[in-house]
Amino acid sequence: MTEAYRVGDELPPLEIPVTRTLIVAGALASRDYQDVHHDAELAREKGSPDIFMNILTTNGLVGRYITDHFGPTAVLRKVAIRLGAPNYPGDLLRLTGRITALENLENVENVAPKGENHTLIEVAVTGDNRIGRHVTGKVTVTIAGAVTVAVAVTKEGGA
């Protein structure tokens, strides 16, 4: 089945409960041993109401959001994010995305092996929690095979 995508398409949101375990496990998995990511008492001593998620965990969740949507042939090429409001235990992180660019690629070195087509897709991603905007960024992904790149046509016949 060929998927049809167009610039401006919205990805369905992904809601991720932010648990204490997720915060600590993400910090440990990324070898970030800063106490603000695992020790609530020390985090409070440093002015935070509780432990909070590190950027590498957020980066991984953004990547998961994109690859879950585009499927098993999706390969992350670039993830560029900026953090805003912290994620604390008990928050619900709601990720949303919108396609901002599409390009079918053929035989592009380091992207598509000779004779294979891939599609390069850029997605603007945001993630909000109860405090506000936790993350903003752009993700570039390739997916195997050429996709139908839909073009909106106006009544006048222009694109």
Side-chain angles (χ1 to χ4, degrees), residues 1-40 43-44 46-105 110-112 118-152:
M1 180 174 127
T2 301
E3 294 288 336
Y5 297 108
R6 92 174 119 232
V7 171
D9 283 353
E10 300 281 335
L11 277 60
L14 174 64
E15 293 184 343
I16 301 167
V18 178
T19 64
R20 190 168 300 280
T21 300
L22 175 63
I23 293 170
V24 173
L28 290 174
S30 60
R31 297 182 179 188
D32 183 346
Y33 304 118
Q34 293 293 315
D35 50 26
V36 294
H37 303 308
H38 64 84
D39 188 318
R44 281 190 288 277
K46 293 182 176 179
S48 178
D50 205 338
I51 63 171
F52 54 90
M53 186 176 286
N54 72 352
I55 191 169
L56 294 172
T57 303
T58 299
N59 197 68
L61 294 173
V62 167
R64 169 192 160 197
Y65 173 55
I66 298 300
T67 57
D68 280 1
H69 177 75
F70 289 107
T73 65
V75 176
L76 296 173
R77 297 295 175 176
K78 181 177 182 184
V79 178
I81 63 169
R82 179 179 211 144
L83 292 185
N87 264 337
Y88 294 113
D91 282 343
L92 182 69
L93 175 61
R94 185 174 195 270
L95 294 169
T96 58
R98 182 178 48 79
I99 295 175
T100 57
L102 288 164
E103 182 181 358
N104 282 324
L105 307 172
N110 296 323
V111 175
H118 281 67
T119 302
L120 184 76
I121 302 173
E122 184 182 81
V123 180
V125 176
T126 59
D128 296 319
N129 62 29
R130 63 187 158 143
I131 300 170
R133 178 73 28 101
H134 171 68
V135 63
T136 57
K138 290 213 179 212
V139 178
T140 304
V141 62
T142 55
I143 56 175
V147 300
T148 303
V149 178
V151 178

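Treat the numbers as computed from the prediction; the structure is a model and nothing was measured. Below, each value reflects all heavy atoms present in this structure, side chains not excepted, and no hydrogens, waters or symmetry copies.
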Side chain of [X], backbone of [Y]: donor and acceptor closer than 3.5 Å?
| X | Y | answer |
| --- | --- | --- |
| Ser48 | Ile51 | no |
| Asp91 | Leu93 | no |
| His134 | Asp128 | no |

Which heavy atom in [X] sits nearest to a heavy atom in [Y], and how many Å separate them?
| X | Y | value |
| --- | --- | --- |
| Ala124 | Thr100 | CB-CG2, 3.7 Å |
| Val18 | Met53 | CG1-CE, 4.0 Å |
| Pro13 | Arg94 | CG-NH2, 3.1 Å |
| Val141 | Ala74 | CG2-CB, 3.8 Å |
| Asn54 | Thr57 | OD1-OG1, 2.5 Å |
| Leu56 | Ser30 | CD1-CB, 3.5 Å |

Sequence neighbours left out, what pairs pass ring-ring contact (aromatic ring centres under 6.0 Å, His included) with at least one residue falling in residues 52-95?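 Counting only pairs at least two positions apart or across chains, the ring-ring contact (aromatic ring centres under 6.0 Å, His included) contacts touching residues 52-95 are Tyr5-Phe70, His37-Phe52.
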
Could you walk me through whether Val123 and Leu11 pass the side chain to side chain contact (heavy atoms under 4.5 Å, CB included) check? CA-CA 9 Å; Val123 180; Leu11 277 60; 4.2 Å; yes

Determine, stepwise, if the pair Leu102 / Leu120 fulfils side chain to side chain contact (heavy atoms under 4.5 Å, CB included). CA-CA 6 Å; Leu102 288 164; Leu120 184 76; over 6 Å; no

Would you please say whether a donor-acceptor pair under 3.5 Å links the side chains of [X] and [Y]?
| X | Y | result |
| --- | --- | --- |
| Thr58 | Asn87 | no |
| Thr96 | Thr126 | yes |
| Thr142 | Arg77 | yes |

Could you check if a side-chain atom of [X] sits within less than 4.5 angstrom of a side-chain atom of [Y], using non-hydrogen atoms only?
| X | Y | value |
| --- | --- | --- |
| Thr136 | Ile81 | no |
| Lys46 | Val36 | yes |
| Glu103 | Ile121 | no |
| Ile16 | Arg64 | yes |

Hey, what do you get for [atom1] ([X]) to [atom2] ([Y]), rounding to the nearest 0.5 Å?
| X | Y | atom1 | atom2 | value |
| --- | --- | --- | --- | --- |
| Ile23 | Leu28 | CD1 | CG | 12.0 Å |
| Leu83 | Ile55 | CG | CD1 | 4.0 Å |
| Leu61 | Ile66 | CG | CD1 | 12.0 Å |
| Glu122 | Lys138 | CD | NZ | 4.0 Å |

Sorted by first residue and then second, give each salt bridge (Lys or Arg N to Asp or Glu O under 4.0 Å) pair with at least one member in residues 17-26; sequence neighbours left out.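 Non-adjacent pairs meeting salt bridge (Lys or Arg N to Asp or Glu O under 4.0 Å): Arg20-Asp50.
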
Check the surroundings of atom CZ in Arg82: do more than 12 heavy atoms from other residues, nucleotides or ligands lie under 6.0 Å from it?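 Atom CZ in Arg82 is not packed in, count stays at 12 or less.
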
Qualifying residue, where the test is side chain to side chain contact (heavy atoms under 4.5 Å, CB included) with Leu76 and the options are Asn59, Val62, Val139: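 Output: one option passes, namely Val139.
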
